[in-house]
Novice: 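For reference, the structure I am asking about is given below.
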Amino acid sequence: MPVHYRCIGYLRCPARSLLAIASKEVSIIKLQKRYAHTHHSFDELPFRDTYPLNSQLAFYARNGNFEATWALFCRMHFSCCHLDAYSFTPVLSACCALPGTKCGKLVHGLMIKTGVDAGTVTKTALMNLYSKYGCLDDSERAFEEIELKDVVAWNALISSFLRHDLAQRALDAFATMRREQVQLSEFTLCSVLKACASLKAFELGKQIHGLVVVLGRDLVILSTALIDFYSDVEHINEALNVYYSLKNIKDNVMRNSLIRGCINNRKYEEAFSIMSKMRPNVVALTSALGACSKNSDLWIGKQIHCVALRFGFTDDTQLCNVILDMYAKCGKIMNARSVFDLILEKCVVSWTSMIDGYGSQGYGLEAVELLERMEVEGKGVVPNSVTFLAVLSACGHSRQVEEAWKCFMLMEKFGIDPEEEHYACLIDGLGRASHIDEAWCVLNDMIKNGTRPTALTWTSLLNACSRNQDIARGEFAAKHLLELEPDKPANYVLLSNFYAAVGKWDSANRFRDMMRKKGLIKEAGSSQVGSNLLILTNRASI
DNA sequence: GTAGGGTTAG
């Protein structure tokens, strides 16, 4: 088969000829124009040899100048420069970072056309590209196609799983890697520590700590990963030990990690002690405030707000959003509003957080009023689907049915199609206000509009029926809910409560019994990781 | 070609 008729594997265009790529090159031209302003020395080069141009590409990519990488690559391509594997790898990493484009897929097409899509390095670059595009299957497929899988390829696979929140699969890949006696690198240990943190696998993480000591390389990065791990598994003293055992190689990234960990684990004195020995930075304060919100630590949050004021960080919109949210979550809605009013460049998150703050404190009308103000004073910032969820929820919790409908209808004006969550929110709000017939109509409308009810919809309807003693519709919702989620303990509790609310005690007890028989008892999560890996048995290969 | 720090949205 001629090369230009080969299937463009990962592009999911079977049997699509590379003429399609040629037509897609129109998109490349468009993208080239977008970045045409980017300066590079292409025209000044006396010879358009691939070698120096590839070096230039690599230089741009290494220094994070992705627009320049892309612009130079496009010019090379359209000037008919010979492109080889060294031309493609830097541009693939640049493609991952160019927002709003999927130019990497076009580049992959060109790679197939040029015949340089094989080889461990290019395949690893493709793994990374597809993983960052959210295409885990394609990333895995690229890995499987690598003939000689080296440690970098394995590391890329582990990272792909982590990027998709599949920590257990990351550890499975690590175990396979060990079985196949692939030599580990510091990259491997970093990623595996992250997986351990995510699965709360303390014992395995401790073993990895041992490997870090044995490996003894890149201690700043690996120690930061260890601090993150110990903080996340709530062994903050171990994290502090790691930190204090290091002499003069601490940096701000590591300190920020430890501050976040200390506040998460309520070790405030240590957190402030570390903060006092460095110049505070926005990242440290943001993460510390996130921990305060989570723990509802208003007093500590206030102190961090003071630090932010003292160091002049309050022009940082994102930091202010977190301060606002912290006050709202701690029930201090007036303080939240003061912070909100002082944000100079309000973004959609600022508006949404404030609306949500009002909603969660029962101020439905204030939430709606703020949405109206956003339309007038938003300076081009428009509500998104989350903003509408917040305002619908606010209306629902304060039983503002008319306002809820108004907001729901307003979504169309902003080009937002109601999603399943919006319908569920509306149904929930209508149910709270005893508008059960309207809630039922909303359910039918959403089905008519092609939105499939999910467990959340049925839960909202069931709650509405509980409040309104509507047995028939409640049983209808219950039937669908159990079909979708037969093993979720919370659903059985919900059903039992529904029957209790409508006075059908026999049925209420029946669902309690069913739950017991099915062994559906709510328990804290536990990890089964680590026991069979025996990672320390093969130290020689590190 | 692969690793370390941030948050906000039901």
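We name chains A, B, ... by the order of the sequence lines, and we start the count at 1 in each one.
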Novice: Mind checking Asp228(A) for me? I need base, sugar-phosphate or nothing, with any heavy atom below 4.0 Å counting as a touch.
Specialist: sugar-phosphate

Novice: Please classify the nucleic acid contact of Ala153(A) as base, sugar-phosphate, or nothing, using heavy-atom distances under 4.0 Å.
Specialist: base

Novice: For Arg266(A), check salt bridge (Lys or Arg N to Asp or Glu O under 4.0 Å) against everything at least two apart and list the hits.
Specialist: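 Once residues adjacent in sequence are excluded, the partners of Arg266(A) under the salt bridge (Lys or Arg N to Asp or Glu O under 4.0 Å) criterion are Asp297(A).
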
Novice: Classify the nucleic acid contact of Ser287(A) as base, sugar-phosphate or nothing, counting any heavy atom under 4.0 Å across all strands shown.
Specialist: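 If one applies the 4.0 Å heavy-atom cut-off, Ser287(A) turns out to touch the sugar-phosphate alone, with no base involved.
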
Novice: Could you pull out all residues at least two apart from Glu369(A) that satisfy side-chain contact (heavy atoms from CB on, under 4.5 Å)?
Specialist: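 For Glu369(A) there are no side-chain contact (heavy atoms from CB on, under 4.5 Å) partners, ignoring immediate neighbours.
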
Novice: Charged N to carboxylate O below 4.0 Å: is that the case for Lys123(A) and Glu145(A)?
Specialist: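 Looking at Lys123(A) and Glu145(A), the cut-off is met.
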
Novice: Suppose the criterion is ring pair (Phe, Tyr, Trp, His ring centres under 6.0 Å): which pairs have a residue in residues 297-329 of chain A, not counting sequence neighbours?
Specialist: His305(A)-Tyr327(A)

Novice: Could you work out, with salt bridge (Lys or Arg N to Asp or Glu O under 4.0 Å) as the rule, every residue matching Glu345(A), not counting sequence neighbours?
Specialist: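 Salt bridge (Lys or Arg N to Asp or Glu O under 4.0 Å) list for Glu345(A), sorted by chain: empty.
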
Novice: Which salt bridge (charged side-chain N to carboxylate O under 4.0 Å, His left out) pairs, counting each pair once, include a residue from residues 161-170 of chain A, with sequence neighbours left out?
Specialist: Glu140(A)-Arg169(A)

Novice: Extract, from 5' to 3' on DNA chain B, the first and final nucleotides lying under 4.0 angstrom from some heavy atom of chain A.
Specialist: dG1(B) to dG10(B)

Novice: Just call it for Arg62(A): base, sugar-phosphate, or nothing, with non-hydrogen atoms closer than 4.0 Å on any strand.
Specialist: nothing

Novice: Taking any heavy-atom pair under 4.0 Å as a contact, classify Thr120(A): base, sugar-phosphate, or nothing.
Specialist: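 The answer is base, as Thr120(A) lies within the cut-off (heavy atoms under 4.0 Å) of a base atom.
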
Novice: Which is true for Leu456(A) with a 4.0 Å heavy-atom rule: it touches a base, it touches only sugar-phosphate, or it touches nothing?
Specialist: base

Novice: Could you check whether Lys329(A) gets within reach of a base, just the sugar-phosphate, or nothing at all, counting any heavy atom under 4.0 Å?
Specialist: sugar-phosphate

